[in-house]
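See below for the structure under consideration.
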Amino acid sequence: MTRVLKLNIDEHLSRDRAVRPKILDTDIDGAERVLTMLNHLIDINAATEESFRIAMNAFLRRGRFRWMRHQHVTCAADQIEDLLETLIELKSPSDVSIATYNLALEAYAVCSTPRGERDYARRAESLVKRMEQVFEVLPVESYKHVLHAFAWQQANLEEGECARKACELLKLIEQRTEDGLTLMQCYDWTLEVWSKSGSAGSASEAQVLLDKMKTLNLTLSTNDIENGAHLILDADTYCNAILAWAKNSVSTGAVRANDILLEMVDRFNKGEFAPGSEPSLIAFNGVMAAWGRQGRADMAENVLKLMDELRLKCTNLTPDAISYNSVIHAYLRSADKELALQKVSELVKFMEDNYHKQPAIKPNGFTYSTLMKCWIQSDREDVAEQSEATLMRMQRLWDSGDISVQPTNRMFNMVINAYAKGNSRDAARKAVLLLESMKQSELCQPDVVTYTSVIECLSKSTDPQSAEKAEELLSEAFQRYQETKDNTLRPNARTFAMVILTLARTNGSAVKARELLVQLLELYKETNDPDLRPNEYLYNYVLNCAANTIEASKKIVAFQIAAMTYQEMRKSNLVRPDSFTYAFWLKCCNNLIPPGDLRKKCVEYAFEECRKEGLVSKEVLLRLTQGNPPKLVDKLLDFPQNSKASDTKRSAYRRVIKVQDLPRAWSRNVYRK
DNA sequence: GTAGGGTTAG
């Protein structure tokens, strides 16, 4: 019984703190009974410091295990803390031996948790402060336990507070001792804090410690080595140094992490680590991720190859899906998008073909969505179809019971957006079908991005029904939002923009376009929500929609709407006319006003204003020169009025003039943001 | 130790 528990405890004393401590359900090792006996001795006034120490040691042997006591989870640190306080009360602070205090410090260190909910490190720190007041000088061991507690408690990671505390203690310990074993152990713990800390400079701090360990390792005495000092510098130590660099955002992080990885492999191959200490998956995956962030897929793949070679020599090292995904993601981020697509397709195929032999490399949702992104960023013709095929592949796997490839509405949205960006003839039909299947699905409900992207597909469609469908979808989204109160479904300015764009492109009603703009403005006034703030696009699309009015009977109303919208833009404090505004407004003048004085006046006034604002673009110039009387064009372009140029010369001038030929000031703001 | 959706016009 005790033997089995001892083994389990050893396992929990290991450095792997990722595993949550287990909760014991019985008094498996009799520590509770020891406590009962101690309490009995206290009752009869027969408890000595030695009896307390026996009970403390009984709990300390439980390591990180936890158990229930009065409906609360408790652990060795809590129990030993209570026992120490009782003992101090019975005797006096100075009558309790330092060795007994140290048992409590050790318990704090052992029970310290990564997230530090119980704050044992700080409790260790305050106990050591009390000890300093009672005793003249404390042994290094006391400080070592506190350092150990800070090393394993990783709360305040961002601020690096635990790391700083550990460093202060390390400095103190370095001053007090030259014992190789102690120093190696303390360096190793401090290195562990830096590897987990995201604070600035953590990688170089980790590097300093690794270097110190390597130097000290060379100078250790035979005595130290017999006590296991050189065994502390092992694969775990290297892993910590690697991860410190790997997560570092500076561009050299990947290079440094990679160098240390190679050094670790070299040492491992030479048999320099303790038996059973071997390079870990997490070190390799960390380096691959670091290369990926630099877009260095070639290097990430080299690391994967290295890992594949090394696994034969290791008992536990084998690449997993994250390893492959990291390389895949690195290709996604690499510069050559065509190579990326080829490589990623190959790697995914390899995973699919080999996971029966290597279950850890079974492709998951991450794998497929990265493949999908690779298709989307490629220049291939059938991007939308291929990304849809990838999504359907996931859907089939999911339907057959594979829970690791759950499709998400984001992926559906990515496919729909691929259709919106492509030039597939029936993009709109496909997009609407995808929307319908999302509505049927329990997993991937459409949201406002879905609706907006489907409407964007409709805006590119030549189907005369598109505008009607777009309006239907907008009100459907509104209805679903009102039913569910789900904010991700609420239409926003962009959704409105896409509906108006659809109207503009399908010669739809300017009245409707205007109504939508007014509706959005009212919503924005009510809520002041930045997502509903109309921008230049909204107004410009309304102008373009009006300009595209074909039916003669509707042109007057369309012009009124355009004029109103243009005037509003000039006075608005939300938007300012831009070069598109003037181009669309001139288009309105040309298309909606019959030739004559009124049109001439409008064009003249608009162009002069546009020139003053420095917004004369190629399109503005085109709208001016095409469809307006040559005399007016010449006047507005400042063609020398009294020159004796012939009409053909003038006409040629008007045909070839470019924005660049005009005074710079006329177009100084065309590209302003 | 691996991410991710709409950024629009003429």
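Naming: A, B, ... by sequence-line order, numbering from 1 per chain.
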Side chain of [X] only, heavy atoms from C-beta on: which candidate in [options] is closest?
| X | options | value |
| --- | --- | --- |
| A:Val448 | B:dG6, B:dG10, B:dT8 | B:dG6 |
| A:Asn325 | B:dT2, B:dG6, B:dG10 | B:dT2 |
| A:Tyr537 | B:dG10, B:dA9, B:dG6 | B:dA9 |

For atom CE of A:Met438 and atom C1' of B:dG6, their distance in whole Å: 12 Å
Spacing of A:Phe366 atom CZ relative to B:dG4 atom C1', expressed in whole Å: 8 Å
With a 4.0 Å cutoff (strictly under), does any side-chain N or O of [X] reach OP1 or OP2 of [N]?
| X | N | result |
| --- | --- | --- |
| A:Arg333 | B:dT2 | no |
| A:Arg494 | B:dT7 | yes |
| A:Lys421 | B:dT8 | no |

I'd like to check the ring pair (Phe, Tyr, Trp, His ring centres under 6.0 Å) partners of A:Phe559; sequence neighbours left out, ordered by chain and number.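 With neighbours one apart ignored, the set is A:Trp585.
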Measure the acute angle between the ring planes of A:Tyr566 and A:Tyr582, then classify it against the limits of 30° and 60° as parallel, tilted or perpendicular.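 Answer is perpendicular, since the angle exceeds 60°.
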Whether A:Arg570 and A:Glu609 form a salt bridge (side-chain N of Lys/Arg under 4.0 Å from carboxylate O of Asp/Glu) is what I want to check. yes
Determine if A:Tyr541 stacks with B:dA9; use a centre-to-centre distance below 5.5 Å and an interplanar angle below 30° as the criteria. no
Where do A:Asp320 and A:Ser323 land on the side chain to side chain donor-acceptor pair (under 3.5 Å) test, with the steps shown first? CA-CA 5 Å; A:Asp320 66 359; A:Ser323 318; 2.9 Å; yes
